Amino acid sequence: MDLAGLSSNWKKLQATLKKSENAEPSSKPANQNDLKRKREQSKAATTKPSLLPRKKLRTTRTMAQSGMGAKATVPIQDLEKSDNGVRPRPSDRTFSDKVNAGLSKSVEIGKYIAIDCEMVGVGPHPDRESALARVSIVNYNGDQVYDSYVLPQETVTDWRTFVSGVEPKHMKYARSFQEAQADVAKIMHGRVLIGHHISHDLNALKLSHPQRDIRDTARHAPYKRIHGGNGYPRLKMLASELLGFEIQEGEHSSIEDARACMLLFRRDKAAFERDHAKRWPTRPPPPPKPLDDTETQAQAPKAKKKKKKKKSKR
């Protein structure tokens, strides 16, 4: 092996390596802003907690206890009797509302129902003259009992869509006034009716209901004091201040408004019933009327006459 040639080649290789080491790098240094951004992203990745999907908190109370939930575990009649100042919120449950579904056959109605109607303007003065265009009823739990668009009997001159939410297209599937009226009358019969300015709803339906069986959230004295005592409080204001949620943000929903009325009644049910008892006291049955001598003798049991035995002839 030629050691002299090998050593000369080795020297050339070493010289080439030294030149490459001393040469300036061909690429430019990275932008300082890019480096800073990368460092911040790296730091955030190490400190940011993992975003795992949260499990919904489950309450131990059933709908029978809280008024809201998936399904009642006790009959609604028992809940109506035992509920004492429970303050449920619509956000505690998801309602399966079905617009224009008519009577909900799977929902238990119970003793208490809340009603609300949406009106449209009719006649030459639509700002003053109204006709029924939708009616909704919910039960004590807030479940939809009845909902229907109603075909107005008069010519509509103002749909009031920005408030009522009713549009001409809804009339294609609306029920006749007579059908809706009959349905609502059947549901109301023998039940306690709750609403806000409920006389307006009854007038629109052309129905009446015993005053003894009405609870009006607009006329409840403590609610009127919140408003200042003059006039009647708005349902929107009561829902915001007493229930803690907003309604009527834009177009109204008669189901939502009826539900708010029921929640207000349930919130102060004891006060509603005390006020009701003062206005409509339960009358005791009249005492039994004393009988005079002739009536006493007439009602006294008559002694049986002994039949005389006939003597047999011998």
Side-chain angles (χ1 to χ4, degrees), residues 90 94-110 112-191 193-209 214 216-218 234-236 239 247-263:
T94 301
F95 291 96
S96 56
D97 296 338
K98 296 180 180 179
V99 177
N100 201 42
L103 179 64
S104 300
K105 297 181 180 179
S106 61
V107 174
E108 190 176 5
I109 301 178
Y112 299 93
I113 56 174
I115 190 170
D116 188 77
C117 297
E118 298 296 342
M119 319 291 186
V120 292
V122 296
H125 304 287
D127 55 332
R128 289 179 294 177
E129 298 180 24
S130 300
L132 180 68
R134 186 182 177 189
V135 56
S136 303
I137 298 175
V138 300
N139 68 2
Y140 195 76
N141 280 333
D143 296 312
Q144 176 184 320
V145 172
Y146 185 84
D147 183 71
S148 177
Y149 287 117
V150 182
L151 192 64
Q153 293 180 302
E154 301 88 349
T155 302
V156 179
T157 51
D158 185 359
W159 290 96
R160 304 177 186 170
T161 303
F162 69 99
V163 175
S164 67
V166 180
E167 300 179 43
K169 65 180 182 181
H170 296 144
M171 296 300 104
K172 183 179 179 181
Y173 309 99
R175 291 170 178 80
S176 68
F177 178 86
Q178 290 77 11
E179 183 181 356
Q181 182 189 52
D183 291 341
V184 173
K186 187 175 180 180
I187 296 170
M188 289 192 332
H189 181 70
R191 293 186 167 92
L193 189 63
I194 298 150
H196 196 77
H197 285 303
I198 201 164
S199 59
H200 295 169
D201 301 310
L202 292 175
N203 288 339
L205 285 158
K206 298 181 181 179
L207 291 172
S208 61
H209 199 66
I214 288 178
D216 196 329
T217 54
R234 294 176 59 197
L235 181 60
K236 177 182 174 67
I247 62 172
Q248 300 177 355
E249 295 288 294
E251 297 178 2
H252 295 195
S253 166
S254 49
I255 297 179
E256 183 182 57
D257 290 354
R259 194 169 286 140
C261 290
M262 181 60 79
L263 290 174

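If you read the sequence from its start, that first residue is 1, and numbering goes on from there. Keep in mind that what you see is a predicted model, and the values were worked out from it rather than measured.
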Nearest 0.5 Å please: distance from the [atom1] atom of [X] over to the [atom2] atom of [Y].
X      : Y      : atom1 : atom2 : answer
Ile187 : Asn139 : CD1   : CG    : 11.0 Å
His125 : Asp158 : NE2   : CG    : 13.5 Å
Leu263 : Asn141 : CG    : CG    : 10.5 Å
Ile137 : Ile194 : CD1   : CD1   : 11.5 Å
Gln153 : Ser176 : CD    : OG    : 9.0 Å
Lys172 : Tyr149 : NZ    : OH    : 14.0 Å

Please examine the side chains of [Y] and [X], heavy atoms only from C-beta on, and report whether any two atoms are closer than 4.5 Å.
X      : Y      : value
Asp201 : Met119 : yes
Ile115 : Ile198 : yes
Cys261 : Thr217 : yes
Val184 : Val135 : yes
Tyr112 : Leu193 : no
Thr161 : Glu251 : yes
Val145 : Leu103 : yes
Pro168 : Trp159 : yes

Checklist entry - After noting the C-alpha distance and the side-chain angles of Met171 and Val166, does the key distance pass the side-chain contact (heavy atoms from CB on, under 4.5 Å) rule? => result CA-CA 9 Å; Met171 296 300 104; Val166 180; 3.8 Å; yes
For [X] versus [Y], what's the shortest heavy-atom pair and its separation?
X      : Y      : value
Ala218 : His197 : CB-N, 3.6 Å
Val122 : Ala131 : CG1-CB, 3.6 Å
Leu202 : His209 : CD1-CB, 4.2 Å
Gly165 : His170 : O-CE1, 3.4 Å
Leu205 : Cys117 : CD1-SG, 4.1 Å
Met188 : Ile113 : CA-CD1, 3.9 Å

Any sub-3.5 Å donor-acceptor pair from [X]'s side-chain atoms to [Y]'s backbone N or O?
X      : Y      : answer
Ser104 : Gln144 : yes
Ser130 : Ala204 : no
Ser148 : Val150 : no

Next on the checklist: side chain to side chain donor-acceptor pair (under 3.5 Å), that's the test. Do Asn100 and Arg175 meet it? Break it down for me.
Outcome noted: CA-CA 9 Å; Asn100 201 42; Arg175 291 170 178 80; 3.2 Å; yes
Checklist entry - Do the charged groups of Asp97 and Arg259 touch, with an N to O distance under 4.0 Å? => result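 A salt bridge links Asp97 with Arg259.
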Next on the checklist: If we check side chain to side chain donor-acceptor pair (under 3.5 Å) with Asp257, which of these qualifies: His196, Lys236, Gln248?
Outcome noted: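 With Asp257 as partner, His196, Lys236, Gln248 yield a single side chain to side chain donor-acceptor pair (under 3.5 Å), made by Gln248.
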Item to check | Test side chain to side chain donor-acceptor pair (under 3.5 Å) applied to Asp147 and Ser136, step by step | outcome: CA-CA 4 Å; Asp147 183 71; Ser136 303; 2.4 Å; yes
Checklist entry - Between Phe177 and Lys206, is there a cation-pi geometry (under 6.0 Å to ring centre, at most 45° from the normal)? => result yes
